[in-house]
Amino acid sequence: LDEIVKRIGIGQKRGLAVPDGISVSDVYLERKPLYEKFSQFTVDGSKSVEQLVSEVDIYKYIKMHLLAGSTGFLGNKILRALGIQDVPTVALGRRAIPNLPNNAKELIIDFNELNKITFPNIDYLYLSLGYPLYYQNVMGLMNPTLKKNFFEVDFTYQLEIAKKAKDVGARGISLISAVGADSGSWNYYLKTKGMLEKEIIDLKFDSTSIFRPGHLMGNKNRLDIVFADTVSRIVDPLLHGSIEKFRSIPVEKISESVVK
């Protein structure tokens with residue numbers, strides 16, 4: 001209080017916008033409990049600026065976005081799009097991310113030990129985690145081992161991440177699913193995607209966005225994807241009406257839509 005009175009001072013141009021008859025002490029006593037209640041952290045004002053900066057880990061207090069699947073083809077594009085918008089982001093992954101945007105901080109984990117991981121304060125979650133699949137797997141051809149591994153990553157891990165994010169305060173979520181996702185589908189890939197959609201909706205985030213893109217074009221590091229890109233360029237113009245949703249989409253376009 002003494003420091004506040006000293007800084008405001010009598011006769012200076014600084015002051016408080018308060019009704020007549022209300023003193024600085026009255027305002028202080030009224031507002032101090034509110035500041036203590038709603039502040040994210042408190043610092044010792046007697047210390048130097050350099051000391052305070054070294055002691056405060058800002059990532060513990062700023063509400064951030066969490067991206068699961070930051071090293072994947074689409075996930076990495078989403079990470080870059082968040083970087084362009086300068087959104088504070090925690091990039092969740094198994095390994096280090098090359099050329100990490102300045103707005104992002106890595107959180108490298110073992111997904112098999114998700115129950116032991118403590119997430120920072122999260123305001124929004126992006127789920128773009130996925131087990132590596134080939135084109136024929138997406139079309140429904142999977143052996144039992146592949147089905148097990150795929151389900152663990154695309155369903156179990158992602159659902160667990162969503163639950164943990166909600167527990168630490170996440171209000172919104174964007175899930176990357178797939179066109180044709182349906183929990184009743186004979187196609188195991190689409191069935192799993194549909195099952196996850198239902199579970200995410202049931203978590204009742206304040207805001208839930210589910211993206212169902214068709215084939216993602218642009219991954220030149222995979223021959224099967226290059227082949228699928230070629231087929232898509234021929235077939236896409238023929239898809240109209242109710243089947244237009246099955247058209248392919250450039251990965252840059254979907255990533256930009258996700259972070260809007």
Side-chain angles (χ1 to χ4, degrees), residues 40-41 53-134 137 145-146 148-177 192-193 196 199-200 203 205 209 211 216 218-222 225 251-252 254-256 258-259:
Q40 292 178 309
F41 60 94
V53 170
S54 67
E55 290 178 8
V56 175
D57 181 359
I58 196 168
Y59 288 102
K60 290 181 180 178
Y61 306 104
I62 291 180
K63 283 288 187 178
M64 307 184 72
H65 290 193
L66 176 69
L67 169 61
S70 333
T71 57
F73 178 49
L74 175 55
N76 194 254
K77 295 293 184 182
I78 294 173
L79 179 63
R80 305 297 161 191
L82 289 169
I84 293 172
Q85 294 191 7
D86 200 27
V87 176
T89 303
V90 176
L92 192 68
R94 294 180 184 271
R95 59 184 184 276
I97 302 167
N99 303 314
L100 190 71
N102 292 332
N103 68 302
K105 178 179 180 180
E106 288 180 327
L107 180 57
I108 300 174
I109 67 168
D110 179 350
F111 285 96
N112 291 316
E113 297 187 348
L114 270 171
N115 61 320
K116 300 178 182 178
I117 305 299
T118 300
F119 285 175
N121 290 335
I122 299 299
D123 187 55
Y124 201 93
L125 172 64
Y126 298 91
L127 283 178
S128 183
L129 203 62
Y131 190 80
L133 298 175
Y134 288 99
N137 304 141
T145 301
L146 182 56
K148 178 178 178 294
N149 294 337
F150 165 70
F151 187 86
E152 181 177 51
V153 173
D154 284 61
F155 183 88
T156 305
Y157 290 169
Q158 294 205 104
L159 182 57
E160 182 64 23
I161 291 169
K163 289 178 178 178
K164 291 179 73 68
K166 194 167 192 298
D167 286 344
V168 297
R171 296 177 299 170
I173 183 172
S174 285
L175 169 67
I176 309 301
S177 187
T192 302
K193 294 292 186 183
L196 180 61
E199 292 290 339
I200 294 299
L203 289 178
F205 283 85
S209 298
F211 294 84
L216 297 177
N219 190 348
K220 295 183 170 129
N221 298 320
R222 291 265 304 269
I225 301 302
V251 68
E252 290 81 10
I254 184 68
S255 63
E256 290 169 3
V258 169
V259 302

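None of these values were measured; they are calculated from a predicted model.
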*Are the side chains of Asn121 and Met64 in touch, meaning some heavy atoms are under 4.5 Å apart?*
no
_Going by side-chain contact (heavy atoms from CB on, under 4.5 Å), Glu106 matches just one of Thr89, Leu92, Leu100. Which one?_
Leu100
*Short question: side chain of Glu152, backbone of Lys148 - any donor-acceptor pair under 3.5 Å?*
no
*With the side chain counted from C-beta on, respond yes when Ile176 and Ile78 share a heavy-atom pair under 4.5 Å apart, and no when they do not.*
yes
*Hey, are the side chains of Val258 and Leu74 touching, using non-hydrogen atoms and a 4.5 Å cut-off?*
no
_Phe150 side, atom CZ; Thr192 side, atom OG1 - distance, nearest 0.5 Å_ = 4.5 Å
*Backbone N/O of Leu146 and side chain of Asn149: donor-acceptor pair under 3.5 Å*: no
_Whether the side chain of Asp154 engages the backbone of Tyr131 through a donor-acceptor N/O pair (distance < 3.5 Å, no angle test) should be reported._
yes
*Derivation of the side chain to side chain contact (heavy atoms under 4.5 Å, CB included) call for Asn76 and Ile97*: CA-CA 9 Å; Asn76 194 254; Ile97 302 167; 4.0 Å; yes
*Selection residues 84-121 - residue pairs positive for ring pair (Phe, Tyr, Trp, His ring centres under 6.0 Å), sequence neighbours left out*: Phe111-Tyr157
*Search all heavy atoms of Pro101 against all heavy atoms of Gly83 and return the closest pair with its distance.*
CB-CA, 4.1 Å
*Tell me the salt bridge (Lys or Arg N to Asp or Glu O under 4.0 Å) pairs involving residues 77-104, sequence neighbours left out?*
Lys77-Glu252
*Write down the atom of Leu114, the atom of Lys164, and the distance for their closest heavy-atom approach.*
O-CE, 3.2 Å
*Beyond-backbone contact of Leu82 with Tyr126, side-chain heavy atoms, under 4.5 angstrom*: yes
*Using the six-membered ring wherever Trp is involved, compare the ring planes of Phe151 and Phe155 and label them parallel, tilted or perpendicular (cut-offs 30° and 60°).*
parallel
*Rounded to the nearest 0.5 Å, how far apart are CD1 of Ile161 and CD1 of Ile200?*
9.5 Å
*Check whether any side-chain heavy atom of Ile173 sits under 4.5 Å from a side-chain heavy atom of Leu203, and report yes or no.*
no
